[in-house]
Amino acid sequence: MTIDTRSVNGVTVLDLHGKVTIGEGSREVRETIRELLKNENKNILMNLGDVSYVDSAGIGELVSSYTTVTNQGGQFKLLNLTKKIRELLAITKLLTVFDSFDDETAAVGSFS
Amino acid sequence: MTIDTRSVNGVTVLDLHGKVTIGEGSREVRETIRELLKNENKNILMNLGDVSYVDSAGIGELVSSYTTVTNQGGQFKLLNLTKKIRELLAITKLLTVFDSFDDETAAVGSFS
Amino acid sequence: MGEEIRKDNQVHSLGKADLHLSFGSQFGYLDLVQEVCDSISRMVGFDEDTRYWICLSIRESVSNAIQHGNKMDENKKVGIQFESFPDRLVILVQDEGEGFDESQVRDPLDPKNLLKPGGRGVFFVRSFMDEVGFEPLPGGGLQMRMEKRLNHKKQGEEENDN
Amino acid sequence: MGEEIRKDNQVHSLGKADLHLSFGSQFGYLDLVQEVCDSISRMVGFDEDTRYWICLSIRESVSNAIQHGNKMDENKKVGIQFESFPDRLVILVQDEGEGFDESQVRDPLDPKNLLKPGGRGVFFVRSFMDEVGFEPLPGGGLQMRMEKRLNHKKQGEEENDN
Ligand SMILES: Nc1ncnc2c1ncn2[C@@H]1O[C@H](COP(=O)(O)OP(=O)(O)O)[C@@H](O)[C@H]1O
Ligand SMILES: Nc1ncnc2c1ncn2[C@@H]1O[C@H](COP(=O)(O)OP(=O)(O)O)[C@@H](O)[C@H]1O
């Protein structure tokens, strides 16, 4: 798993590439989020469009990213859910917890 | 494994697709050759360009195609050896047994 | 032009699949397990989407065997048995751990657990497989038994591939 | 724009690979065996070309175990053990057959054998692996032991991929 970080109109976009699964990627996501919050970047949009695989640990990472950012008064949203991730979020009743978008401009514009 | 059969200037070109391995494809090759010889098609060019995998049984099929056709007074040649097949023919000292070509027109033209 | 002789390329389909795999407790094997699972379930006849969810379930089960069962001890083995029947695939995942009390596993859909980072693995397995059970092994260790029937639609299978 | 944080994606590399596989005697498993072989030898660190020849060798060995060892009896098992060491990969292929007298195996390079349809499988294994041996198993059956060293060039490895 690799993470590219971009800044678009005050929103930090994290482009995740590869697999977010147990033993792979979870630490990376957590560290990236922690660094961003430390530097007062609290508007975070996570782009999952290039994520090839997610298991329950990966879904857990999305949840803990969300709670960590929200607890610090920030906003955490998702971009480009794959069909499989959408399905996993649906059955775990998390689809309504996350704000998610399929269009980056709309997603970035949605941050207040 | 599938075999497409074409006729080009009196030469029967067999385009092999897929794997020629033990339990797969060997029977097909043998039957196709037998049918061709029965119908007096004795100039046979086997195109291996789209063959994805060959094991020792597959090499054996090339050899028995060669001997079957030659024993009936025909000519059997090879077109588009892959690097891996070439390597296997080289270490088994079969590279000089087979007439082989990388250009179909030249190959077809070589039949007397 | 192009008279095609299309021959049977199903010579390799299996009569009855029956494959056993075992390895030390390392997450590094998960991709391999997933590949094997996909191959076996393809041979058994499951479509691509169903195979995806079967193999996600096996990943979850093996992750738990490594993490909770064998507590990441690389010297402890995880065993996987794939057994196919005309109408279903049975997969057994075995670890060398103490097992656990399933009634103590929290419900990830309970609102108070919704934002917990963990606790969704067994839930995924139960969502995507038709039968799921845990049983202690005679010689010690835990076995998770999962069964998936052919031509049986469950949650998650209606969606197309991504 | 585009500050990249490239993280370690080698978390999944294996300490010591040690994997066992067993299945009924059907050629339908050969592709799966090849995939597993490729995954394991990738984890051990072999390049793509070397992996190709290792896994061709394993296919040949397993084909022989199914055909000559177990005589196509689906109830007889083939076992494969992959064991990695820092400098090499050892692969054991086991069948339930009678074994054979290797001195009776004909040399496929002998001019009188050159146009024989069969008899090149063991030769391929010997060409591509560094150590090859056959030994009877204590409980009956035959074990073929193959070893491939890392960073060791042999015939066939100089060629690029096709
Ligand atoms: N193979 C196992 N051995 C021991 N305990 C297990 C095993 N599988 C699951 N468990 C227990 O069930 C709990 C729930 O598992 P799971 O739903 O996969 O969530 P998570 O692994 O994220 O905790 C685990 O936390 C563990 O206590
Ligand atoms: N696992 C085995 N059990 C019994 N005999 C074997 C085994 N492997 C190889 N042999 C013997 O060695 C011979 C040569 O094998 P090989 O070189 O693979 O060629 P082929 O399989 O085409 O005959 C076989 O014909 C068989 O007699």
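Bear in mind that the values here come from a model prediction, so they are computed numbers and not experimental data. Proteins come first, then strands; the chains are lettered A, B, ... in the order of their sequence lines, and each starts at number 1.
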### Message
If we define contacts as heavy-atom pairs under 4.5 Å, which of A:Leu62, A:Val63, A:Ile85 has the most with chain C?
### Response
A:Val63

### Message
Does the Lys NZ or Arg CZ of C:Arg88 fall within the cation-pi geometry relative to C:Phe85 - under 6.0 Å from the ring centre and within 45° of the axis?
### Response
yes

### Query
Do the numbers put A:Lys77 on top of the ring of A:Phe111, so that NZ or CZ is under 6.0 Å from the six-membered ring centre and no more than 45° off the axis?
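That pair qualifies as a cation-pi contact.
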
### Query
Between A:Ser64 and C:Pro117, which heavy-atom pair has the shortest distance, and what is it?
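Between these two residues, the closest heavy atoms are CB-CB, 4.2 Å.
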
#### Entry: Validation row, ring centre C:Tyr52 to ring centre C:Phe46 under 6.0 Å
no

### Task
Sort A:Thr92 into side chain, backbone, both or neither according to what part of it lies under 4.5 angstrom from a heavy atom of chain C.
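Answer is both: backbone and side chain atoms of A:Thr92 are under 4.5 Å from chain C.
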
### Query
Which atoms of A:Leu88 come close to chain C, meaning under 4.5 Å heavy atom to heavy atom: side chain ones, backbone ones, both, or neither?
both

